[in-house]
Chemist: 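This is the structure I have questions about; it appears just below.
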Number of protein chains: 2
Amino acid sequence: MLSKASEYAIRSLVYIAVKNRDGLRPGYREIAREIEAPEQFTAKILQTLVRQKLLMSVRGRGGGFFFDPQSKPLPLIEIINAIEGYKLFTRCGIGLSKCSDENPCPIHNQYAIIRNQYQDLATKTTINTLAKKIIDGDAVLNRLI
Amino acid sequence: MLSKASEYAIRSLVYIAVKNRDGLRPGYREIAREIEAPEQFTAKILQTLVRQKLLMSVRGRGGGFFFDPQSKPLPLIEIINAIEGYKLFTRCGIGLSKCSDENPCPIHNQYAIIRNQYQDLATKTTINTLAKKIIDGDAVLNRLI
DNA sequence: ATAATAAAAGACAAAAACATCTTTAATTAA
DNA sequence: TTAATTAAAGATGTTTTTGTCTTTTATTAT
Ligand code: FES
Ligand code: FES
């Protein structure tokens, strides 16, 4: 399960990607409102993503957040790694200090498969993949009403 | 990803099950040592499991923890639920306030499958399943040396 | 009975996650 | 150049999770 910070990050970025298609650069107030996340916490998370170069921003009137049009599609795993690291995809299912094929815990064989599938999903899914679903009306980013 | 408390709970119970086969009832000091978990925290977790009737205990000299021989095999999901609830298996993959097939988030279709596989694993896997692997030498519960 | 042993219980403490508040810096429209 | 706007930054606060310490209660061997 992702941390709330990772969840907010992904929802924010999808929202930004959707808005960017219309040439708009939303601010953190708008983003937080639309994805139902705490305003200042969202701002902090976006700050982190900007520092890590996954996202761009401009200050001042008319400013906001946006993706570099040059940049490659952004896989979710990169966002997750930027916010909370890779532990979700490497940690032993019952908490042994190291996950290992050679010296497995009793659930390793089954758990590692599922964990790898999740990692695969997070690697293959990009912000754009998700943004397209929003644009096509096939999915939502909030539960407003 | 499970909470540490759930991880310690599962490792503890597997250790207890293994010991019980030899007619032994380990105490929390021994358990904590053998599964590499903090002693008092382990004691608290075992207390919770005893209160919830997933485990039995006797105080005093010769006391310790053990399973009711009458009881049915204990699926991991029951332990997880006792310690941290079901949220791991019900929560939206990107944190929407409700996960829903009818009104999905953009990752729902792929994520829900993996989450269900994990739930299925936690439902079908019992403490005894895991204990057998330890007894057969096919898996380990710690990384001591 | 007494001493030893072991879990239960309650209070407390530290760390991490989650969140807010206030001030500063950058940008732009007027 | 000034006022308005917006992100960045830093300090602080809250909640949850994780972990420890101390005292109490139950059990048993002697
Ligand atoms: S060793 Fe436990 S999941 Fe790999
Ligand atoms: S709605 Fe997001 S995972 Fe189901």
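Quick note: numbers below take in every heavy atom, side chains included, and nothing from hydrogens, waters or symmetry partners. Convention: sequence-line order gives letters A, B, ...; per-chain numbering from 1.
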Chemist: Whether A:Y8 contacts C:dA19 is assessed here as follows: a side-chain N or O lying under 4.0 Å from the phosphate OP1 or OP2. Is that the case?
Modeler: yes
Chemist: Can a donor-acceptor pair under 3.5 Å be found between the side-chain atoms of B:K4 and the base atoms of D:dG19?
Modeler: no
Chemist: For salt bridge (charged side-chain N to carboxylate O under 4.0 Å, His left out), just list the numbers for A:D136 and A:K132, CA-CA rounded to whole Å, side-chain angles, deciding distance to a tenth of an Å, and then say yes or no.
Modeler: CA-CA 6 Å; A:D136 294 346; A:K132 278 205 189 82; over 6 Å; no
Chemist: How many whole angstroms separate atom CD of B:E84 from atom P of C:dA17?
Modeler: 15 Å
Chemist: Thinking salt bridges, do A:E7 and B:R91 make one under a 4.0 Å N-O criterion?
Modeler: yes
Chemist: Name the residue closer to the 5' end of DNA chain D, choosing between B:L2 and A:F65 according to the nucleotide with the nearest heavy atom.
Modeler: A:F65
Chemist: Could you check A:A5 against B:R59 and say which one's nearest nucleotide on DNA chain C is further toward the 5' end?
Modeler: B:R59
Chemist: Separation of B:E30 atom CD from C:dT5 atom P, in whole Å?
Modeler: 15 Å
Chemist: Could you tell me the separation between the NZ atom of B:K87 and the C1' atom of C:dA17, rounded to a whole number of Å?
Modeler: 13 Å
Chemist: Indicate yes or no: at least one non-hydrogen side-chain atom of A:L130 is less than 4.5 angstrom from one of A:I10.
Modeler: yes
Chemist: May I have the distance from B:I45 (atom CD1) to C:dA9 (atom P), rounded to whole angstrom?
Modeler: 16 Å
Chemist: Give the C-alpha distance, both sets of side-chain angles, the deciding distance and a yes or no for ring-ring contact (aromatic ring centres under 6.0 Å, His included) between A:Y118 and A:F89.
Modeler: CA-CA 8 Å; A:Y118 189 23; A:F89 307 111; 5.5 Å; yes
Chemist: For the residue pair B:P75 and B:P73, what are the closest heavy atoms and their distance?
Modeler: CD-O, 3.3 Å
Chemist: Can you find a donor-acceptor N/O pair under 3.5 angstrom joining the side chain of A:R61 to the base of D:dT6?
Modeler: no
Chemist: At less than 4.0 Å, is any side-chain N or O atom of B:S57 found next to OP1 or OP2 of C:dA8? Yes or no.
Modeler: yes
Chemist: For the pair made of CE in B:M56 and P in C:dA8, what is the distance, rounded to whole Å?
Modeler: 11 Å
Chemist: Counting just side-chain N and O atoms, does B:R51 come under 4.0 Å of either OP1 or OP2 of C:dA9?
Modeler: yes
Chemist: How close or far is atom P of D:dT22 from atom CD of B:Q47, stated in whole angstroms?
Modeler: 17 Å
Chemist: Distance check needed: C:dA7 P versus B:F41 CZ, whole Å only.
Modeler: 18 Å
Chemist: Can you find an N or O donor on one side and an acceptor on the other, under 3.5 Å apart, linking the side chain of A:K44 with the base of D:dA9?
Modeler: yes
Chemist: Rounded to whole angstroms, how far apart are CD on A:Q40 and P on D:dG10?
Modeler: 15 Å
